[in-house]
Amino acid sequence: RPARTIVKYNKWVGCMAVRKDGAVASWDWSGGVNVWKEGEVSTLRKKDEWMVHSLAWLKDGTLAVGMDGKAEMWKDGCCVKTLEVCGSCYTLCALPDGSFLIGTHTSYKEIKHWRDGKCVREPKGHVGYVMSLIRLKNGNIASGSSDTTIKIWDLEKGKCLHTLQGHTDFVYALAELPDGRIASSS
């Protein structure tokens, strides 16, 4: 049984992100991007032609919204920056320094590391779309791909440290367990 139901949707929720203070951002087909806090809702983006693939709260409280061809940065109810990218921003991963990663769903099959509105690093190695990204407790990054692999990265060096194989389909989701192992789904 759920601890709390915020609202009952009549459409599916495509993605969501939880901020440290408990605010929940969600995207669904019926209402665009909404932020829920203490029973109140505010709509940041109305439903439009842009499908939202991913959401992530950055260190400063900015909400990163990943879509086809762009990522928008929302702060205090306003879009403060739009980053143009090739293809879909399929997954986002906030980092402790305030920067973030975008996993792309294009023929480029790459991870882009954004800081202060600029792409500062593009570690390459997947041969399929990047579907999921997480930061591990040890500071490394794990990425899951349509190439059925999980890669572990040293982001500062832009180097792949390990490639984990065993999936037979896209790796859609990743999570780090308390003991440091990685849970994945495809």
Side-chain angles (χ1 to χ4, degrees), residues 6-7 9 11-37 40-126 128-135 141-146 151 153 155-156 158 170 172-174:
I6 296 175
V7 68
Y9 283 113
K11 304 280 183 175
W12 60 271
V13 173
C15 55
M16 60 188 272
V18 179
R19 194 167 58 194
K20 287 184 181 184
D21 67 358
V24 176
S26 65
W27 176 81
D28 68 88
W29 281 102
S30 65
V33 175
N34 298 303
V35 176
W36 309 85
K37 181 142 189 270
E40 300 294 320
V41 62
S42 59
T43 299
L44 300 181
R45 289 186 112 259
K46 301 273 190 228
K47 183 178 176 187
D48 60 18
E49 75 278 5
W50 297 97
M51 181 176 181
V52 174
H53 298 287
S54 53
L55 299 166
W57 290 104
L58 305 183
K59 181 181 176 180
D60 67 355
T62 298
L63 179 65
V65 179
M67 296 171 279
D68 292 333
K70 65 183 177 177
E72 292 179 347
M73 305 298 122
W74 286 78
K75 180 95 175 181
D76 300 324
C78 298
C79 181
V80 296
K81 186 178 284 283
T82 299
L83 307 173
E84 301 296 326
V85 297
C86 292
S88 300
C89 299
Y90 203 78
T91 183
L92 295 163
C93 177
L95 300 175
D97 66 359
S99 66
F100 63 98
L101 304 173
I102 295 175
T104 60
H105 189 73
T106 68
S107 59
Y108 297 106
K109 303 164 185 81
E110 59 196 7
I111 299 166
K112 292 183 175 279
H113 182 189
W114 290 83
R115 181 179 288 126
D116 300 323
K118 297 176 187 161
C119 182
V120 295
R121 194 167 287 107
E122 297 181 42
K124 293 179 178 22
H126 281 293
Y129 307 136
V130 179
M131 310 297 288
S132 52
L133 289 164
I134 60 168
R135 181 182 178 275
I141 302 298
S143 59
S145 172
S146 66
K151 292 189 179 287
W153 302 88
L155 185 59
E156 290 308 310
F170 294 14
Y172 284 106
L174 298 169

Can you measure from OG (Ser42) to CG (Asp76) and round to the nearest 0.5 angstrom? 10.5 Å
Supply the atom-to-atom distance Trp27 CH2 to His53 NE2, rounded to the nearest 0.5 angstrom. 8.0 Å
Closest heavy-atom pair, Leu133 versus Ser143, reported as atoms and distance to 0.1 Å, is CD2-CB, 3.6 Å
Asp116, CG atom: more than 12 neighbouring heavy atoms under 6.0 Å: no
Side-chain heavy atoms of Lys151 within contact of Pro123, under 4.5 Å: no
Spell out, as yes or no, whether a donor-acceptor pair under 3.5 Å connects the side chain of Trp57 to the backbone of Lys20. no
Would you confirm whether Ser146, through its side chain, and Tyr129, through its main-chain N or O, come within 3.5 Å as a donor-acceptor pair? yes
Looking at CZ of Phe170 and OG of Ser132, how far apart are the two atoms once the value is rounded to the nearest 0.5 Å? 11.5 Å
Closest non-hydrogen atoms of Leu83 and Gly117, given as atom of the first, atom of the second and distance, are CD2-O, 3.7 Å
Please check this pair: side chain of Ser54 against backbone of Cys89, looking for a donor-acceptor N/O pair closer than 3.5 Å. yes
Are side-chain heavy atoms of Leu44 and Val65 found at a separation under 4.5 Å? no
Keeping Arg121 on the side-chain end and Gly158 on the backbone end, is there a donor-acceptor pair under 3.5 Å? no
Between Leu58 and Met73, is any pair of side-chain heavy atoms under 4.5 Å apart? yes
Within the structure provided, determine whether Trp114 and Val85 are in side-chain contact (heavy-atom separation under 4.5 Å). yes
Residue pair Leu95 / Arg115, side-chain heavy-atom distance below 4.5 Å: no
Looking at Glu40, I'd like to know if its CD atom is crowded, meaning that more than 12 non-hydrogen atoms belonging to other residues, nucleotides or ligands lie closer than 6.0 Å. no
Do you know which two heavy atoms are closest between Arg19 and Gly61, and how far apart they sit? NH1-O, 4.1 Å
Could you state the interatomic distance from CD (Glu72) to OG1 (Thr62), rounded to the nearest 0.5 Å? 13.0 Å
Counting distance only, does the side-chain N/O of Ser145 pair as donor-acceptor with the main-chain N or O of Gly128 below 3.5 Å? yes
Looking only at heavy atoms, the pair that brings Cys79 and Thr82 closest together is SG-OG1, 3.7 Å
State the NE2-CH2 distance between His126 and Trp153, to the nearest 0.5 angstrom. 5.5 Å
Taking Leu101 as the fixed residue, which of Leu155, Ile134, Leu92, Val130 is the one that meets the side-chain contact (heavy atoms from CB on, under 4.5 Å) rule? Leu155
Nearest heavy-atom neighbours spanning Met131 and Thr91: O-CB, 3.5 Å
Nearest heavy-atom contact between Ser99 and His113 is OG-NE2, 2.9 Å
Verify the neighbour count for atom NZ of Lys81: are there more than 12 heavy atoms of other residues, nucleotides or ligands below 6.0 Å? no
Between Thr104 (side chain only) and Glu110 (backbone N and O only), is there a donor and an acceptor less than 3.5 Å apart? yes
